[in-house]
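Taking it in order: structure first as structure tokens, then the write-up.
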Amino acid sequence: MRKLLVAVMTVLAFTVSTGTAAGAPLPCPEIFATNNTAIITDPADPRLKDRLVKFDREVRGIVFANGGVTTRSTLLDGVFWSSVLQQTTFERSRKFDVTLNEASLRHTASTISKQFRQESVLTFRFLPSNSPKVDAVQVEVPGVTATQVREGLLKDAVAREKLGGGSVTLQSKAILIADVNDLPTVRAFVTNLGGDMSKAKVHRGAWEFVGAETPLWSSQNAA
């Protein structure tokens, strides 16, 4: 999967999820992945109707083989900016919520990347907002379509350069992941494309783009 970096400005109310309020547990880690290797530039391409059912089963099997289970799998429409083509590209993907520790999450993502010939697979681990390991944010915005994200990227050179794209559920909820320092850019992007940041949820955590050759040794002692 190409960088699933993401799309958003100023003093607007938004919800920050830390996973610590009243002892609430953190959400499951997530894997964003696809089996697509084609460059699709036409939003009406029939390949964008694929529900990735077989891919869903195969990834669930990989997760299970690595000691976890998939608690949820969400079909996504991805919109990305290609600096090579100088236009937007599209692909269907899935978000897998999984019960894996950090080491197993990285190993699983590496396996998916290798098996489905992906440049990288994105993982996101939810963390308390005060954790020193926080390096990313995930912004969930209801009422945003893939078409809005596409048009927003075409108009916003800053978002194209810093964020690259985003994913949208079939229920029109944008899922935007970015470096924690780029949260102001994410807010501005969402606002400019007509999204309502007052209804958005902002989660803090750690992200990683894992390729087939990503070193796995550094996480062997992870909890």
Side-chain angles (χ1 to χ4, degrees), residues 1-19 21 26-34 40-41 43 48 72 74-83 86-97 122-129 134-209:
M1 176 182 285
R2 289 172 292 280
K3 277 193 173 182
L4 195 120
L5 301 178
V6 228
V8 223
M9 165 176 138
T10 58
V11 189
L12 291 172
F14 58 93
T15 302
V16 177
S17 172
T18 65
L26 292 167
C28 289
E30 298 172 334
I31 297 173
F32 294 79
T34 184
I40 302 174
T41 57
L48 299 175
R72 178 183 299 176
T74 306
L75 188 62
L76 303 172
D77 287 317
V79 184
F80 307 93
W81 174 259
S82 171
S83 58
Q86 287 296 295
Q87 65 182 98
T88 49
T89 63
F90 310 89
E91 69 183 16
R92 270 286 170 92
S93 64
R94 279 189 174 272
K95 177 177 72 73
F96 299 90
D97 298 34
L122 174 63
T123 67
F124 187 87
R125 293 186 298 113
F126 295 87
L127 297 171
S129 60
V134 168
D135 62 6
V137 290
Q138 180 177 132
V139 181
E140 298 181 354
V141 190
V144 173
T145 66
T147 298
Q148 285 176 287
V149 174
R150 175 179 180 270
E151 293 175 350
L153 288 175
L154 291 173
K155 296 175 182 178
D156 193 334
V158 174
R160 293 202 302 266
E161 178 183 352
K162 287 183 172 290
L163 308 173
S167 294
V168 181
T169 70
L170 301 193
Q171 293 73 40
S172 296
K173 179 176 71 174
I175 302 176
L176 311 171
I177 301 176
D179 186 281
V180 67
N181 295 317
D182 289 327
L183 180 56
T185 302
V186 177
R187 294 180 193 159
F189 182 82
V190 167
T191 302
N192 291 337
L193 57 80
D196 186 351
M197 277 300 293
S198 69
K199 297 180 181 179
K201 293 182 180 179
V202 179
H203 309 277
R204 301 181 187 274
W207 66 345
E208 184 175 11
F209 290 95

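Sequence positions, counted from 1, serve as the residue numbers for this chain.
- Closest heavy-atom contact between Ala146 and Asp77: CB-CB, 4.3 Å.
- Here the CD-CZ distance, from Glu208 to Arg125, works out to 8.5 Å after rounding to the nearest 0.5 Å.
- The shortest distance between side-chain heavy atoms of Asp196 and Pro142 does not fall below 4.5 Å.
- A pairwise comparison of heavy atoms in Arg92 and Leu170 identifies NH2-CD2, 3.7 Å as the closest pair.
- Proximity of a side-chain donor or acceptor of Asp135 to a complementary backbone N or O of Asp179 within less than 3.5 Å is not detected.
- Inter-residue side-chain proximity for Leu163 and Leu176 is flagged as unmet; no heavy-atom pair is nearer than 4.5 Å.
- With sequence neighbours left out, the side-chain hydrogen bond (donor to acceptor under 3.5 Å, both in side chains) criterion links Lys173 to no other residue.
- Residues Val158 and Phe189 fail the side-chain proximity criterion, which asks for heavy atoms closer than 4.5 Å.
- For the pair Leu183/Val139, a side-chain contact is recorded, criterion being any heavy-atom separation below 4.5 Å from C-beta on.
- Among residues two or more places apart in sequence or in another chain, the side-chain hydrogen bond (donor to acceptor under 3.5 Å, both in side chains) test is passed with Gln138 by Glu30.
- Judged purely by atom type and a 3.5 angstrom limit, Asp156 has no side-chain atom pairing as donor or acceptor with the backbone of Gly152.
- The two residues Ala178 and Asp182 come nearest to each other via the heavy atoms CB-CB, 4.3 Å.
- Residues Leu122 and Trp207 form a side-chain contact, since some pair of their non-hydrogen atoms from C-beta on lies under 4.5 Å apart.
- Using a 4.5 Å cut-off on side-chain heavy atoms (C-beta onward), Thr89 and Thr41 make contact.
- In this structure, the side chain to side chain contact (heavy atoms under 4.5 Å, CB included) partners of Thr147, at least two apart in sequence or on a different chain, are Thr145, Glu151.
- Residues satisfying the side chain to side chain contact (heavy atoms under 4.5 Å, CB included) criterion with Leu154, sequence neighbours excluded, are Trp81, Thr88, Arg150.
- For Asp97, the salt bridge (Lys or Arg N to Asp or Glu O under 4.0 Å) criterion is met by Lys95, not counting sequence neighbours.
- At distances below 3.5 Å, at least one donor-acceptor pair connects side-chain atoms of Gln148 with backbone N or O atoms of Leu193.
- Gln171 meets the side chain to side chain contact (heavy atoms under 4.5 Å, CB included) test with Thr169; sequence neighbours excluded.
- Between Ser167 and Ser93, the closest heavy-atom pair is OG-OG, 4.5 Å.
- Interatomic distance, Phe209 CZ to Thr123 OG1, rounded to the nearest 0.5 Å: 9.0 Å.
- Atom CD of Glu91 is separated from atom CD1 of Ile40 by 7.5 Å, given to the nearest 0.5 angstrom.
- A 4.5 Å side-chain heavy-atom check between Val79 and Val168 finds every atom pair outside the cut-off.
- A pairwise comparison of heavy atoms in Val137 and Arg204 identifies CG1-NH1, 3.9 Å as the closest pair.
- Between Val141 and Ala200, the closest heavy-atom pair is CG2-CB, 4.0 Å.
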